[in-house]
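Quick note: numbers below take in every heavy atom, side chains included, and nothing from hydrogens, waters or symmetry partners. Numbers here simply count residues along the sequence, with the first being 1.
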Amino acid sequence: MYKSASSSVLRAASSRSLRSSLNPSSATPCSLLGRRSFATSSPAFRSLPRWSHCLHFRPSPFRLSSQIRTASPVLDRLERNFSSMASEHPFKGIFTTLPRPGGGEFGKFYSLPALNDPRIDKLPYSIRILLESAIRNCDNFQVTKEDVEKIIDWEKTAPKQVEIPFKPARVLLQDFTGVPAVVDLACMRDAMNKLGSDSNKINPLVPVDLVIDHSVQVDVARSENAVQANMELEFQRNKERFAFLKWGSTAFQNMLVVPPGSGIVHQVNLEYLGRVVFNTQGILYPDSVVGTDSHTTMIDGLGVAGWGVGGIEAEATMLGQPMSMVLPGVVGFKLSGKMRNGVTATDLVLTVTQILRKHGVVGKFVEFYGDGMSGLSLADRATIANMSPEYGATMGFFPVDHVTLQYLKLTGRSDETVAMIEAYLRANNMFVDYNEPQQERAYSSYLELNLDNVEPCISGPKRPHDRVPLKEMKADWNSCLDNKVGFKGFAIPKEAQEKVANFSFNGKPAEIKHGSVVIAAITSCTNTSNPSVMLGAGLVAKKACDLGLQVMPWIKTSLAPGSGVVTKYLLKSGLQEYLNQQGFNIVGYGCTTCIGNSGEINESVGVAITENDIVAAAVLSGNRNFEGRVHPLTRANYLASPPLVVAYALAGTVNIDFETEPIGTGKNGKEVFLRDIWPTTEEIAEVVQSSVLPDMFRATYESITKGNPMWNELSVPENTLYSWDPKSTYIHEPPYFKDMTMDPPGPHSVKDAYCLLNFGDSITTDHISPAGNIQKDSPAAKYLMERGVDRNDFNSYGSRRGNDEIMARGTFANIRIVNKLTNGEVGPKTVHIPSGEKLSVFDAAMRYKSSGEDTIILAGAEYGSGSSRDWAAKGPKLQGVKAVIAKSFERIHRSNLVGMGIIPLCFKSGEDADSLGLTGHERYTIHLPTDISEIRPGQDVTVTTDNGKSFTCTVRFDTEVELAYFNHGGILPYVIRNLSKQ
C-alpha cells in the first residue's frame, strides 16, 4: 500500500554508483553529456553535434521520488542493504544479448519473454513499455519488485488505480513552455545558491530537446517573401527570449535547442528526434518521452510511448525524478476495413475523436490494432495519435510494425538502425507482425471502427469533438445561427441571418455574411506532417486553378509546414505553384494559426465584422478551435483537412452544401462543384510516391543544428547563473522561492475563502492561461505601457511566458470567458464579493491578496481541458487561489495544480455547485488535516460555507508523491530541498 511521505530518509550518497551499475541507461558520465550518441540515427545524423559541453555538471547522487517511495528504515539499515543491492540487479537473470545477423551483437537488453510469465503475453503493447522500464530501472529503491509485479498483473491492478513509477527516456519542450521551464531552472539555481548548496546540481539528467516553433506569427501572408518577413519580425519580437534559450542550451547540460524556422516540434520529433529504440552504451531499451505540449502524443504513431505533462512535472523529470503515475486502463480500438476513395486522415481522426469522447477515455491509454492497420500509413497513424488530448486519452498508441519500419527508412534512418530496432522489438515481444497469427491481448474495454464507414467531415464551430459530416454542414450551420449561445449556437435572430456587410477592399467593393470565411489556414502538427493531405491540398489548388477558380483576396490564407521536408516535396511535385496562386504561400515553419498566432486580418474586414456583428468563420487544419483561440474576430472556427481548407477558402463560406451547391463559376462560365476539384485516393498516392523521398529528410535534418544567420548572430553570456534584468518585460525572476527555507511549510489551510470565479463546464486552459494577443485595455497591457512598451510591441502572451508579472495579469483574461458571478456577461471580469465591485480578475485577486483573504474557484466538468499549459496553474497560484472545486479535471491540468500547491477537489458524483445551491457569494472552508500524514490520496473532505451549507468532496491528490509535493508547497520547492540535502 502507500508509504508515508513523511517517513522518508535521505539515500546514501553512494547511490550514484548503484544507479550506474544497476541501470546503464541512466548513467550520465561527461562523455555522454558532451555529445549525444544517436545510435539509432543514420550515419549522417550521427555526425552532428547534439549535446553541449560538460562544464559545471554534477550528476545527482540519487533520485528524488525514492525518498517518498520508501518506508522508514533507519539509515544504517539502508546502508547495510546497499552493498548487496549494488552488486546484484533484481532481474539480472533476464539480462541477455541481442545477436546481430552475420555475427557480433547489437547490445544487451532485459528480456520480457525470459520471465516466462503468461500474464505478459496478454499485456497491451503500451503496458509492456512501462514494464520494461520498471524492470530495467528496478533497484528496490526508486523502483521496486513490487512495482514490477503491479505492472505484470495489470489486468487485476489497473482497475484499482495503483501507483507506479515511470522513468521516461527523454523530455521534449517547445518554446512557449520551454521558456518558463528554463526560467524555473535558472531560478532554482539561484535558490540553491541562497540555501548554501551547489547550484550546478540543477541540470537535466535525461536528454532534453527544445524546438522553437510557437513564436512565429502570420504577419505577412500571400507573399513570396512571407517566410523571411515573418522570421525577421519573429526575431525582432523575441530576440531576448531566443537569446535566453540559447543561453540555456549552453548553461544547462543535456539540452538541445532546435532554432526557429526548423519546423513544428512534433513533426521534428516524428521525423528526426524519435529513436524508437535507444542504444546507450550497448544497452537497448524502448524510446519513451514526456513533453510539455499536450500533442507530444503524436510520437505514439511511431510506436514511441509519449504524452504531455505539465511544465513543472517535466522539470522534475529532467532533474532525475521518476514520474509517479496511476497504472492506466487500456482501451483496445480495433480498426477494420479500408477508407473509401476521397476520405482523408483528418476525416478519420475527427471520427475517432468523437467515438472516444463518447466512450470516455480520460486517464487511459488507447491502443489501436486490427486488420485495418495495414491500410494506414505512418502519417495517418500519427494524425490519430496527435489528437489524443482532444479525445481525452493519455496516449493513442500504435505498436511498431512493418509500416513503422518503412517510415523509419523513408525518413533517413539507416538500414542498420532499422534492423536493430526490428530485432530488439521482436526479441522482446514488442513488434506486431500482421502476417503472423495474432495472440489475443487483454484490454480494459473494446471499441471497433470499420474504416469504410468514415465519411468526409469537419468539426466545430467551437470544439474539436463536435464533428459535422460534410453533407450535413449547411443544415448544421443554420442550426448554430438559430441555437442559443453555446458550443453549438450563436443566437442570431432570424431577421438578421441574411445580413450583408459591405466594405471596400483595396478600393474594390466586397461583402461578407454570417459564415463568411475570413481565415483559411493549412497549419498544425496534426496535418502538416502527412504528405497525403498536404499534397491533396496542392491537387485541389491545381484543379481549381485549371478551372479558373480563385480565392477571394481578402481571405487571409496561409500555409505553415511542419518541417522543411514538406516544402521540398511540394516543390518537387510542382504543386506549391498552384497553392501560391490561391494565396497559400508558405508563411513560416511553426504552429501559427492553430495556437492563435494568426496575425491581424485586413482592417476593413475587421471593421465590417465588428460593426455588423458578423459571425465570421475560420477554417484550419488544426487540432483546437476553442472560441477566442484562433482569432478574436472569428466566432466560428472549424477544423478540416488541408484539401477542405482550400475548398472552403474557394467557396468563401461555411454556409454551403458541397454536394448540391457549386463552389464557384469557372473560366468557361460553368458551375464548379467540390467533386470537380477533389483528387482521388489514387491520384494522391501517385504524387506521394513520386515526390516524397528519403534524401529530403536527410538533407533537411543534416542542417537542422546549423541554425540560421539570425540565430547564429545571437550572443549570450557564458555564466551558469542567469543575470536577471529587472527592466526586462520578457524574462523576469519569478517569486516562487522567495523567503524559502529548508523546512517544508506543510499543508495549507483554506478558511473563509472567497470565490474568485464561478464557472460552468468545459473551461479550457485557453480560458485560464494567458494566450493570444494582449488586449489593449487589459491589466497586462497597462503593465507594459507603464514600462514604456508601445502597443505595437506587445507581442503575444505566449511569447511573454518568461515574465510572471505579465502572465499573472493575463490569467483568466480570455475575452470569451463566462463567469457566473457576472450574471452571464462575457469577458475577463469578476465581482469582488466584499465590495460588490466588478473588476478585472487580476485586480480582484490582488485586492483579496492584499487584505489577506484566501480565494477558491468553482467549476463544472472538464476543468482545464485543452493544451497542457503550466501557466494555467502558475497564474492562479500567483493570484492567490488556494483550491479549485470542480466536477472533473483534465489529467495534465490537475497534475499542474498539484505541482503548484493548489488543492484540486471534485464534487461527488451527481453533484455540482448548482445542485448544491452554491452561488459563489459564500465563504468556503475546506476541512483538510494540517498534518500531511493524516491525508490520503483520494480521501473525502468536508467543505462548509458561512451560510450553513456543508458538502463532501474528493481531494484529488492521486498519489503519495503528490501529497509530498503539497507538503512542500509544490513540486519545485520539493526538488530544491531534496537536492540541497545531497
Any donor and acceptor pair, going by atom type alone, linking the side chain of [X] with main-chain N or O of [Y] inside 3.5 Å?
X    : Y    : value
K462 : G486 : yes
N623 : M387 : no
E627 : A636 : no
K877 : M900 : yes
T634 : N637 : no
D213 : V265 : yes
E922 : G920 : yes
N597 : V216 : yes
T945 : K949 : yes
N625 : Y638 : no

To the nearest 0.5 Å, what is the distance between [atom1] on [X] and [atom2] on [Y]?
X    : Y    : atom1 : atom2 : value
R787 : L784 : CZ    : CG    : 8.0 Å
T764 : N814 : OG1   : CG    : 7.0 Å
H767 : N819 : NE2   : CG    : 12.0 Å
I903 : I885 : CD1   : CD1   : 9.0 Å
L185 : L319 : CG    : CG    : 6.0 Å
T954 : Q939 : OG1   : CD    : 9.5 Å

Determine whether K782 and D777 satisfy the following criterion, salt bridge (Lys or Arg N to Asp or Glu O under 4.0 Å), listing intermediate values before the conclusion. CA-CA 7 Å; K782 181 181 178 182; D777 58 349; over 6 Å; no
For atom [atom1] of [X], is the number of surrounding heavy atoms from other residues, nucleotides or ligands below 6.0 Å larger than 12?
X    : atom1 : value
K849 : NZ    : yes
K488 : NZ    : yes
K358 : NZ    : no

Any side-chain donor-acceptor pair under 3.5 Å between [X] and [Y]?
X    : Y    : value
H832 : E837 : no
D466 : S459 : no
S840 : D843 : yes
S621 : T523 : no
S888 : E862 : no
S294 : R624 : yes
S915 : D912 : yes
T729 : R800 : yes
K838 : T830 : no
T593 : S598 : no
D804 : H732 : yes

Q | Residues H295, E390; criterion side chain to side chain donor-acceptor pair (under 3.5 Å); working and verdict | A | CA-CA 9 Å; H295 293 102; E390 281 66 47; 2.9 Å; yes
Validation row: [X], [Y] side chains within 4.5 angstrom (heavy atoms):
X    : Y    : result
V179 : L245 : yes
S215 : F242 : yes
V208 : M318 : yes
Y736 : K874 : yes
V841 : Q879 : yes
D752 : Y924 : no
Q217 : T592 : no
K882 : I902 : no

Centroid separation [X] to [Y] less than 6.0 Å:
X    : Y    : answer
F966 : H748 : yes
Y391 : H465 : no
W871 : Y797 : no

Does F176 form a side chain to side chain contact (heavy atoms under 4.5 Å, CB included) with T292? I'd like the steps, not just the answer. CA-CA 9 Å; F176 269 19; T292 55; over 6 Å; no
Fill in: R463 to F487, cation-pi by 6.0 Å centre distance and 45° axis angle
yes
Ring of Y730, cation from R241 - is the NZ or CZ under 6.0 Å from the centre and inside 45° of the axis? no
Q.
With side chain to side chain donor-acceptor pair (under 3.5 Å) as the criterion, how do H266 and N386 come out once you've worked through the C-alpha distance, each side chain's angles and the decisive distance to 0.1 Å?
A. CA-CA 9 Å; H266 306 304; N386 176 281; 5.7 Å; no
Practice task
If the plane angle is over 60° it's perpendicular, under 30° parallel, otherwise tilted; pick one for H968 and Y974.
Solution key: perpendicular
Would you call the rings of F889 and Y863 parallel, tilted or perpendicular, where under 30° means parallel and over 60° means perpendicular? perpendicular
Check step by step if side chain to side chain contact (heavy atoms under 4.5 Å, CB included) holds for N483 and F490.
CA-CA 6 Å; N483 295 342; F490 299 104; over 6 Å; no
Apply salt bridge (Lys or Arg N to Asp or Glu O under 4.0 Å) to the pair R809 and E805, showing each step before the final yes or no. CA-CA 6 Å; R809 285 164 172 79; E805 295 279 5; 2.8 Å; yes
Taking every heavy atom of G622 against every heavy atom of S524, the minimum-distance pair comes out as CA-CB, 3.4 Å
Margin query: salt bridge (Lys or Arg N to Asp or Glu O under 4.0 Å), that's the test. Do R816 and D766 meet it? Break it down for me.
Written below: CA-CA 10 Å; R816 302 293 180 191; D766 282 342; over 6 Å; no
Residues E313, S895; criterion side chain to side chain donor-acceptor pair (under 3.5 Å); working and verdict: CA-CA 8 Å; E313 190 175 2; S895 172; 2.9 Å; yes
Audit row: R801, D175, salt bridge (Lys or Arg N to Asp or Glu O under 4.0 Å) steps and yes/no = CA-CA 9 Å; R801 286 189 181 185; D175 56 304; over 6 Å; no
**Request:** Test I312 against N896 for side chain to side chain contact (heavy atoms under 4.5 Å, CB included), laying out the working first.
**Result:** CA-CA 7 Å; I312 41 191; N896 277 345; 3.8 Å; yes
